[in-house]
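Chain letters run A, B, ... following the sequence lines, proteins first and then strands; every chain starts at 1.
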Protein chains: 2
Amino acid sequence: MTTRWLTPEEQRAWRAYIAAAHLLEDAIDRQLQQDAGMPHLYYSILSTLSEAPERRLRMTDLAEGLKITRPRLTYAVTRLEKDGLVGRESCRWDKRGSIAVLTDEGMAEVERAAPGHVETVRSALFDRLSPEQVGQLEEISRAIADGLQEDTGDEVPWRRRSSPSCS
Amino acid sequence: MTTRWLTPEEQRAWRAYIAAAHLLEDAIDRQLQQDAGMPHLYYSILSTLSEAPERRLRMTDLAEGLKITRPRLTYAVTRLEKDGLVGRESCRWDKRGSIAVLTDEGMAEVERAAPGHVETVRSALFDRLSPEQVGQLEEISRAIADGLQEDTGDEVPWRRRSSPSCS
DNA sequence: TAGGTTTGCTTCAAACTTGAACCAAGAGCT
DNA sequence: AGCTCTTGGTTCAAGTTTGAAGCAAACCTA
């Protein structure tokens, strides 16, 4: 089958998206690196844990939630552990399992860094968009994510993982 | 001033965006790595050069166009040069300058890899979006990019760089 | 309950990215 | 010309990411 090339509109959209994505991720990484000494992903890990029940999550769940590979998460958590911001516990129900726990220090760090981070996200993104555009962005993002996950889609509600606290 | 936290809509949009961006970039990187043995950025470099006049561009212009840092570009071009896909020329008007040139082999490689890449972009992104959404995505991306560039904005049409070909 | 497969996570080497430091060449004074 | 400041590009060390192994604990299925 002959290639369906991108239309001019699609090309423009694609290039604009790539550029914006680079610029945005850079801006956010830079701000967090400055202000909290860690890249965006690491902050996301802390932030995700801070909202989880008992501030703890299994590695795999964390990786899945953040859409990153497990080796990447392992590396990140190892560093955050060295910094004293997270700890690891083993799961007593599944001895293979490893659970990341946000320490008090980690929680404090999230709370300290959050305002600056939010301010950056706001000024770089939401201050530039109309409320309709915010909705559109969500729609578009979901469409993309849904499409890319349906292949890998472990959407099996039964066979659920162990309880979050796992304790 | 007290932090203006994200509204629930903004939070949803932000998270959806982060997830989609990760998934999309991963999918594209994976495909290109498989099919062309290089990450997305490297392909973008080749692709950008392929459309430039005389297939050549100054390093700084290339870095600016792709919104990446110069060290990153230097590293990438060094590798692509080792692979024989690009070459470097020095600019005779500005002896500091370095110009990346797409080789014939590089051009062939872009042409070989393009269909698969486009197919991936299409199936991951554009097949999922309505024409209106494509327009919205472009708008949103431009709003973000414009906002983030106005600080750094070298939007000075005079004081232009040397001619693209620089020869 | 033994054997084979899958799952959860880590480890490893190689590739990539980052920010600071560096160097040489242009530009703007005086 | 000489001096300084900026610009274009690379280099370097430290940090991060990747994909392929590796390993042990579950999960079959017989």
Query raised in the report: Got a donor-acceptor contact below 3.5 angstrom from the A:Arg4 side chain to the B:Glu119 backbone?
Result: no
Report task. Give a yes or no answer on whether the side chain of A:Thr103 reaches the backbone of A:Gly84 with a donor-acceptor pair at less than 3.5 Å. Result -> yes
Query - the helix from C:dT1-D:dA30 to C:dT30-D:dA1: angle between end helix axes, five pairs per end, rounded to 10 degrees - result: 30°
Query raised in the report: Taking side chain as C-beta onward, heavy atoms only, is B:Glu139 less than 4.5 Å from A:Gln136?
Result: no
Requested in this report: Would you indicate, yes or no, if C:dG8 has its OP1 or OP2 atom less than 4.0 angstrom from a side-chain nitrogen or oxygen of A:Arg58?
Outcome: no
Requested in this report: Using atom CD1 of A:Ile45 as one end and atom C1' of D:dT17 as the other, report the distance to the nearest whole Å.
Outcome: 13 Å
Query - Interatomic distance where CZ belongs to A:Arg79 and P belongs to C:dT17 [whole Å] - result: 19 Å
Requested in this report: For A:Tyr42 and for B:Gly97, locate the closest nucleotide of DNA chain D by heavy-atom distance; then report the residue assigned to the nucleotide nearer the 5' terminus.
Outcome: B:Gly97
**Report entry** Atom-to-atom span, CE of B:Met38 to P of C:dA14 - whole angstrom
**Finding:** 21 Å
Report task. Determine, stepwise, if the pair A:Ser141 / B:Arg15 fulfils side-chain hydrogen bond (donor to acceptor under 3.5 Å, both in side chains). Result -> CA-CA 9 Å; A:Ser141 299; B:Arg15 287 182 180 159; over 6 Å; no
Query - CA sep, side-chain torsions, deciding dist, call: A:Thr7, A:Glu9, side-chain hydrogen bond (donor to acceptor under 3.5 Å, both in side chains) - result: CA-CA 5 Å; A:Thr7 66; A:Glu9 298 80 44; 3.3 Å; yes
Report summary line: For nucleotides 18-26 of chain D, 5' to 3', base contacts (B), sugar-phosphate-only contacts (S) and non-contacts (-) with protein non-hydrogen atoms under 4.0 Å give BBB----BS
Query raised in the report: Any chance the side chains of A:Gln31 and A:Asp35 put a donor and an acceptor closer than 3.5 Å?
Result: yes
Query raised in the report: Within a strict 4.5 Å, meaning less than it, do heavy atoms of the A:Leu23 and B:Ile144 side chains meet?
Result: no
Requested in this report: Just compare C:dT17, C:dT11, D:dT16 and give me whichever is closest to any side-chain atom of B:Leu41.
Outcome: C:dT17
Query raised in the report: In whole angstrom, what separates B:Met59's CE from D:dG9's C1'?
Result: 7 Å
Query raised in the report: Could you give the CD-to-C1' distance, from B:Glu89 to D:dG9, as a whole number of Å?
Result: 16 Å
Query raised in the report: Are any non-hydrogen side-chain atoms of A:Lys67 and B:Leu24 less than 4.5 angstrom apart?
Result: no
Report task. Specify the separation, in whole Å, of atom CD of A:Glu81 and atom C1' of C:dT10. Result -> 12 Å
Report summary line: Closest to the 5' end of DNA chain C, once A:Thr78 and B:Ala76 are matched to their nearest nucleotides, is A:Thr78
Report task. Return the value, rounded to whole Å, for the distance between atom OH of B:Tyr43 and atom P of C:dC16. Result -> 18 Å
Query raised in the report: Once you round to the nearest 0.5 Å, how far does CE of A:Met38 lie from CG of A:Asp83?
Result: 7.0 Å
Query raised in the report: Do any side-chain nitrogens or oxygens of A:Thr60 fall under 4.0 Å of OP1 or OP2 in C:dT7?
Result: no
Requested in this report: Could you tell me the separation between the CD1 atom of A:Ile68 and the P atom of C:dG8, rounded to a whole number of Å?
Outcome: 16 Å
Requested in this report: Please work out if B:Thr74 contacts a base, only the sugar-phosphate, or nothing of the nucleic acid, heavy-atom cut-off 4.0 Å.
Outcome: base
